[in-house]
Amino acid sequence: MKWALLIGALCLAGCNKPESTYARNSDVKAGDIKSGYAFLQDDTKALQDDDFANPGFLWVDRGKRLFETAETGASTCSTCHGAHGMPLKGVAAHYPKVDAKTGKLLNLEAAINLCREQHQGLEPLAYESDDLLGMTAYVASLSRGEPVSVDITGPAAKYYEEGRDYFFRRKGQFNLACSQCHNEHWGEKLRGDTISQGHGNAFPAYRLEWQDFGSLHRRLRDCDTGIRAEPQDYGSETYMAVELYLAKRAEGLAMESPGVRR
Ligand code: HEC
Ligand code: HEC
């Protein structure tokens, strides 16, 4: 596991401290919030900035095509969400969001799948399939530049607390919490990476290490695996809750999907 050595170094600084020495409120200070983009090398930034070179646009284009194409017996997404329907511009910046009917927390992937089931009579798309990633990337791209802003009141409050709790909980063989890297050590080097503040505003994103496009949940699974903790399932309620906590924590940052990351 390639993080092991470096995590060892982080642990010297932190792992043996009793839990109580970590302030649960050690959030990144409001004026200090930076997108992961700020920590990238110039060539990676350039790749994200150029819509023709950014490989993420292969997925955006795929999603746009699907959005405008009818599957057997169903109306297209664009029938309802086209220029004369309920345009989806800006909506992705407000996800995850609680579904008023069921009270369940939905991220963008889940909202798209719900629409397929309820309004198109179609089966949900598999999490992490190129079709769902493409559709999510297309809808997210309609919010590029919009500031992240989510509702954590009312029925969303318990999910926010659950996500926050996960973020500060130590776990895995290295007994590390998300907060120890992304609140307390951002800006420091971890192998070839510079640890960022761990915001989700660029996802779904193309990762050079994956040679592939992936969801935020795939990124979270990598972080959990990196500390040798059991990763949560794709689309699990826990990762949805973490996604809500991350979005609130990133409030005001511009939406970047399709981002490019190392
Ligand atoms: C051992 C340190 C470490 C821990 C613990 C850790 N991460 Fe990460 N994380 C990284 C590194 C390194 C990266 C890649 C560079 C970067 O963007 O920070 C990363 C990337 C991310 C990103 C993508 C940021 C971007 O802009 O691309 C998110 C989101 C994230 N982590 C969230 C989490 C969450 C949530 C947890 C807890 C479940 C967690 N991380 C635990 C080290 C860590
Ligand atoms: C028959 C009309 C119809 C079709 C077809 C349809 N939707 Fe929807 N969609 C709706 C309605 C109505 C809502 C508002 C929420 C609700 O009542 O379910 C909605 C809500 C949404 C939302 C959440 C918007 C918000 O403001 O939070 C997204 C995202 C979405 N749809 C994406 C899609 C995608 C992608 C497709 C194609 C896979 C699609 N929809 C197909 C009618 C439709």
Side-chain angles (χ1 to χ4, degrees), residues 3-4 6-7 9-11 34-40 63 66-71 74-82 85-92 94-95 97 99-101 106-122 124-125 131-132 135-136 138-140 142 163 166-172 174-182 184-203 205 207 209 216-217 219-229 231-232 238-239 242-243 245-246 249-250 253 256 259-262:
W3 281 8
L6 208 126
I7 287 172
L10 280 180
C11 282
K34 289 186 180 68
S35 168
Y37 178 88
F39 302 91
L40 298 175
L66 292 170
F67 198 82
E68 291 163 353
T69 311
E71 281 180 51
S75 44
T76 66
C77 313
S78 50
T79 312
C80 299
H81 296 295
M86 300 170 287
L88 295 175
K89 188 172 170 6
V91 306
H94 307 296
Y95 273 81
K97 180 162 129 180
D99 173 43
K101 275 172 232 156
L106 304 177
N107 64 359
L108 197 54
E109 285 88 340
I112 291 168
N113 266 337
L114 190 67
C115 240
R116 279 177 63 89
E117 293 182 90
Q118 290 189 333
H119 296 294
Q120 295 183 301
L122 296 171
L125 295 168
D131 283 354
L132 186 56
M135 199 86 93
T136 307
Y138 172 63
V139 176
L142 302 174
Y166 195 84
F167 194 83
F168 286 93
R169 192 187 313 148
R170 288 143 163 266
K171 53 188 154 327
F174 290 112
N175 198 27
L176 281 169
C178 317
S179 58
Q180 286 173 275
C181 283
H182 293 298
E184 294 166 27
H185 290 280
W186 62 267
E188 294 172 28
K189 293 275 182 208
L190 183 49
R191 300 281 298 223
D193 279 314
T194 305
I195 303 176
S196 74
Q197 297 172 351
H199 299 301
N201 58 315
F203 286 81
R207 261 191 90 197
E209 188 181 306
L216 180 60
H217 291 193
R219 174 69 255 191
L220 299 184
R221 287 173 60 89
D222 278 8
C223 280
D224 270 335
T225 309
I227 52 173
R228 300 194 185 163
Q232 305 293 317
T238 302
Y239 274 170
V242 173
E243 201 174 335
Y245 172 69
L246 291 180
R249 186 174 167 271
L253 281 183
E256 286 177 22
V260 177
R261 292 294 186 263
R262 180 160 174 280

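Atoms within a ligand are numbered from 1 in the order they appear, just like the ligands themselves.
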N/O/S of C181 less than 2.8 Å from atom 8 (Fe) of ligand 1?
-> no
Which ligand 1 atoms, with their elements, are less than 4.0 angstrom from a heavy-atom of I195?
-> 18 (O)
Quick one: which ligand 2 atoms are inside 4.0 Å of a heavy atom on V91?
-> 26 (O)
Number the atoms of ligand 1 from 1 as they appear, then name those within less than 4.0 Å of a heavy atom of G36, with their elements.
-> 26 (O)
H182, any N or O under 3.5 Å of ligand 1 N or O = yes
Contacts of S196 meeting side-chain hydrogen bond (donor to acceptor under 3.5 Å, both in side chains) (sequence neighbours excluded), chain-then-number -> none
Quick one: does ligand 1 sit under 4.0 Å from the side chain of A177, the backbone, both or neither, non-hydrogen atoms only?
-> backbone
Please could you name the atoms of ligand 2 that S75 approaches to less than 4.0 Å, counting only its heavy atoms?
-> 5 (C)
Under 4.0 Å from a heavy atom of F203: give me the atoms of ligand 1 that qualify, with their elements.
-> 23 (C), 25 (C), 27 (O)
Counting heavy atoms only, name the option from T225, D222, L220 that's nearest to atom 35 (C) of ligand 1.
-> L220
Protein N, O or S atoms under 2.8 Å from atom 8 (Fe) of ligand 2 | 2
Does any N/O atom on S196 come nearer than 3.5 Å to any N/O atom on ligand 1?
-> yes
Would you say R261 has any N or O atom under 3.5 Å from an N or O of ligand 1, going by distance alone?
-> yes
Among R219, Q197, E188, R262, whose heavy atom sits nearest atom 14 (C) of ligand 1?
-> R219
Measure from atom 8 (Fe) of ligand 1 to each N, O or S atom of C178 and report whether any distance is below 2.8 Å.
-> no
For ligand 1, indicate whether the residue W186 contacts it via side chain, backbone, both or neither (heavy-atom separation under 4.0 Å).
-> neither
Ligand 2 contact by Y138, heavy-atom criterion under 4.0 angstrom = no
Might you point out which heavy atoms bring Y95 and N107 nearest each other, and give the distance in Å?
-> CD2-C, 3.7 Å
